[in-house]
Amino acid sequence: MKKILLIVLMLVSVTGLFASVQSAGVADTSAVSAVSAVQAVQTDSLSVSEAVAASSVQENPYKVILAERNLNISLGSVLRGILGMAVIIFLAWIFSTDRKKVYWPTVFKALGLQFIVAVSVLAFPAVQVVFEVLGKAFVAVLDWTKAGSEFLFGSLMDMDKFGYVFVLQILPTIIFFSALTSLFFYLGILQRVVWVMAWLLSKSMRLSGAESLSTAGNIFLGQTEAPLMVKEYIPRMTKSELMLIMVAGMSTMAGGVLAAYIGMLGGGDRLMEVEFAKHLLSASVMAAPGAIAISKILKPQTEEIDNSVEVPKDKIGKNILDAISNGTSDGLKLAANVAAMLLVFYALIAGFNFICMKLGDITSLNSLIADWTDGKYTELSLQFLLAYIFAPVIWLTGVPGPDLDLAGRLLGEKLIMTEFVGYQSLSEMIQSGAFSSAKSVIMATYILCGFANFASIGIIIGGVGGMAPNKKSIMSGFGFRALFGATLVALMSAAMIGMLL
């Protein structure tokens, strides 16, 4: 029965992908026209038809560059990227628990793998095809989700009439993808993919099988779901293994929220959804070896380890329907948690900004800020403070100068609030054309990758610590160091991508 269902599921997936490839083909044709339009704008004179084409490009100023496949390397970007990577490694080493015991071969192998993924996604057609097929699969899942949403909400799903409603457009995606992940786990598909990746990591980088399995699982699963694959090993894990589990959990993205981010950033545009899917997937894959590199600097491995890789036989449910039901329930909890979290954080931001605005009026800071930023910010606000506090850090990644404050604001929102708030802000910036360069848009997707925020410290200590109460005190001591490490992983990925764009 399981094999028959697996075959049917594969046929449905292939059919969905074929349909998405056909629609993406139309989008690719539009992208070619857009590239031609941009070239026409750069000439001294424009014909009427060229002017019309150019004006259509302005509707979405980032689509053209998102659709490009070629590297665009300059000496300045390479040098700035190398400087940023060196500073990131140095910061990790400064906060290491044992600087003399860092095993640098593992660190540099992991960084090399992270860089290979970055180059491959941007330079090698074969790898691009793989990521684009996966991206189109995610977009197909978004379409399937819309079918269920339209049944529940009817005409409310029509964005032409009611506009973009976050609860209707994004949250159902989390629920459906959670159920789909549970189904794949029950059928054994997810375990096979994770096992291959874990085996490669353990054999090439002197890692234990358990930490490799959890790290590979984090590419697809959440920060508390992936460790479930190795829960029987956690009570016996070394401190270095626990550090990697925590950093990897905060550095990568679960499939459900990844699909939600694709929908948020794409804004209903098929080409944009596919291209953002490619970069978001790349960011999550790059984060896995990046987490290995940073965590093994922060807490070097000094004890004997077991590098055998064994996938657990546990099932999410007793049968297929039970697995889907469990996944749906978990997705509903996650969606409700996301909705409540966003409601509270946006309300807090509004309250904080109201107080700042009044304070700015009293002290005349608002007029000074407006003059200093040339009207980019008109008053004292949380966004203004985060933008310029984190701008120097963002400079290391290679984000273009005019967009440093915007990317700094996004990093601050991710850390203090959540990456969901950050991606929502990025979506709004994309729709308004706030960035001066499409390079900044792409790099922002990597900077925001992962669950590196203060709330995640409690989530991962509570979730993973619950599987091994004897290790809870150790994980509590690693909490802020793991958050710092996960933030460095995202910045490292962004610096690598920035060198190549």
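Sequence positions, counted from 1, serve as the residue numbers for this chain. For clarity, every value in this text was computed on a predicted model and none was experimentally measured.
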Asker: Output yes when a side-chain donor or acceptor of N366 lies under 3.5 Å from a complementary backbone atom of M357, and no otherwise.
Answerer: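 Side chain of N366 to backbone of M357, a donor-acceptor pair under 3.5 Å: yes, one is there.
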
Asker: Atom SG in C356, atom CD1 in I349: separation rounded to 0.5 Å?
Answerer: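 Rounded to the nearest 0.5 Å, the SG-CD1 separation comes out at 11.5 Å.
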
Asker: Report the distance from atom CD1 of I219 to atom CE of M286, rounding to the nearest 0.5 Å.
Answerer: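 Nearest 0.5 Å value for the CD1-CE distance: 12.0 Å.
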
Asker: Determine whether a donor-acceptor pair (N or O, by modelled atom type, separation under 3.5 Å) exists between the side chain of S456 and the backbone of A452.
Answerer: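 Flag not set: sc S456 to bb A452 has no pair under 3.5 Å.
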
Asker: Please step through side-chain contact (heavy atoms from CB on, under 4.5 Å) for the pair L171 and I175, ending with a clear verdict.
Answerer: CA-CA 7 Å; L171 296 187; I175 299 172; 5.6 Å; no

Asker: Which distance, rounded to the nearest 0.5 Å, do you find between the CG of L380 and the CG of L385?
Answerer: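 That separation rounds to 5.0 Å.
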
Asker: So which pairs with a foot in residues 473-501 pass ring pair (Phe, Tyr, Trp, His ring centres under 6.0 Å), sequence neighbours left out?
Answerer: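 Every ring pair (Phe, Tyr, Trp, His ring centres under 6.0 Å) pair that includes a residue of residues 473-501, provided the two are not neighbours, is F95-F484.
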
Asker: Do you know which two heavy atoms are closest between L410 and S425, and how far apart they sit?
Answerer: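 Heavy-atom minimum between the residues: CD2-CB, 3.7 Å.
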
Asker: In Å, rounded to the nearest 0.5 Å, how long is the span from CG of L426 to CG of L406?
Answerer: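 Taking CG in L426 and CG in L406, the distance rounds to 10.0 Å.
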
Asker: Tell me whether S284 contacts the main-chain N or O of M253 through its side chain, where contact means a donor paired with an acceptor under 3.5 Å.
Answerer: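 Side chain of S284 to backbone of M253, a donor-acceptor pair under 3.5 Å: yes, one is there.
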
Asker: Would you say S178's side chain and G327's backbone share a donor-acceptor pair under 3.5 angstrom?
Answerer: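 The answer is yes, because a donor-acceptor pair under 3.5 Å joins these two groups.
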
Asker: Distance-only check: which donor-acceptor pairs under 3.5 Å involve side-chain atoms of residues 291-298, not counting sequence neighbours?
Answerer:
from : atom 1 : to   : atom 2 : distance (Å)
S295 : OG     : A291 : O      : 2.8
S295 : OG     : I292 : O      : 3.2
K296 : NZ     : E211 : OE1    : 3.0
K296 : NZ     : S240 : OG     : 2.7

Asker: Heavy atoms only: give me the nearest S77-K439 pair and the separation to one decimal.
Answerer: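 Smallest interatomic distance, heavy atoms only, reads CB-NZ, 4.2 Å.
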
Asker: Is the ring pair F176/W144 parallel, tilted or perpendicular, if the boundaries are 30 and 60 degrees?
Answerer: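 Judged by the thresholds at 30° and 60°, the geometry between F176 and W144 is perpendicular.
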
Asker: Measuring from atom CD1 of I447 to atom NZ of K414, what distance do you get when rounded to the nearest 0.5 angstrom?
Answerer: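 It is 8.5 Å, given to the nearest 0.5 Å.
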
Asker: Considering only heavy atoms from C-beta outward, does the side chain of S96 approach that of V102 to under 4.5 Å?
Answerer: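 S96 vs V102: side chains touch.
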
Asker: Should the heavy atoms of other residues, nucleotides or ligands under 6.0 Å from CZ of F108 be counted, would the total exceed 12?
Answerer: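 Atom CZ in F108 is packed in, count exceeds 12.
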
Asker: Could you check whether any side-chain heavy atom of L111 comes within less than 4.5 Å of a side-chain heavy atom of I89, counting everything from C-beta outward?
Answerer: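 Counting from C-beta outward, L111 and I89 do come under 4.5 Å.
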
Asker: Looking at A287 and T252, what are the two nearest heavy atoms and their distance?
Answerer: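 Closest heavy-atom pair between A287 and T252: CB-CG2, 3.7 Å.
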
Asker: Going through the distances and angles, do Q424 and M429 end up as a side-chain contact (heavy atoms from CB on, under 4.5 Å)?
Answerer: CA-CA 9 Å; Q424 179 64 20; M429 292 177 185; over 6 Å; no

Asker: Test side-chain contact (heavy atoms from CB on, under 4.5 Å) on N453 and M417 and set out the steps.
Answerer: CA-CA 7 Å; N453 58 73; M417 289 162 279; over 6 Å; no

Asker: Throw together a table of side-chain donor-acceptor distances under 3.5 angstrom for residues 489-501, partners on residues two or more places apart or in other chains.
Answerer:
from : atom 1 : to   : atom 2 : distance (Å)
S493 : OG     : Q114 : NE2    : 2.8
S493 : OG     : V489 : O      : 3.3

Asker: I want to know whether F390 and W395 have ring centres closer than 6.0 Å.
Answerer: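 Centroid separation for F390 and W395: 6.0 Å or greater.
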
Asker: Does L411 reach the side chain of T487, with side-chain heavy atoms less than 4.5 Å apart?
Answerer: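 In short, these two side chains touch, coming nearer than 4.5 Å.
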
Asker: Which atom pair, heavy atoms only, marks the closest approach of I262 to E273?
Answerer: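 That would be CG2-O, 3.5 Å.
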
Asker: So, the side chain of T373 versus the backbone of I369: is there a donor-acceptor pair under 3.5 Å, distance only?
Answerer: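 Checked: pair present.
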
Asker: Does atom NZ of K376 have more than 12 heavy-atom neighbours, drawn from other residues, nucleotides or ligands, at distances under 6.0 Å?
Answerer: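 Buried by this count: over 12 neighbours within 6.0 Å.
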
Asker: List the atom of D405, the atom of Y377, and the distance in Å for their closest heavy-atom pair.
Answerer: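 What the structure gives for the nearest pair is OD2-CE1, 3.2 Å.
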
Asker: Can a side-chain donor-acceptor contact be found between Q383 and N353 if the only test is distance below 3.5 angstrom?
Answerer: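 Present: a donor and an acceptor within the cut-off.
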
Asker: Between S436 and D403, do the side chains contain an N or O donor and an N or O acceptor separated by less than 3.5 Å?
Answerer: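 The answer is yes; a qualifying pair exists.
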
Asker: List the atom of T397, the atom of M443, and the distance in Å for their closest heavy-atom pair.
Answerer: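 So the two residues come closest at O-CE, 3.0 Å.
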
Asker: Quick one: do the T445 and Y261 side chains pair a donor with an acceptor below 3.5 Å?
Answerer: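 Checked: T445/Y261 side chains show no N/O donor-acceptor pair below 3.5 Å.
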
Asker: Carefully, step by step, assess I389 and F384 under the rule side-chain contact (heavy atoms from CB on, under 4.5 Å).
Answerer: CA-CA 9 Å; I389 288 173; F384 167 77; over 6 Å; no

Asker: Out of curiosity, I88 CD1 to L83 CG, how far, rounded to the nearest 0.5 Å?
Answerer: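 Rounded to the nearest 0.5 Å, the CD1-CG separation comes to 9.5 Å.
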
Asker: Checking the side chain of S282 only, and the main-chain atoms of K278 only, is there a donor and an acceptor separated by less than 3.5 Å?
Answerer: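 Not a single qualifying donor-acceptor pair exists.
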
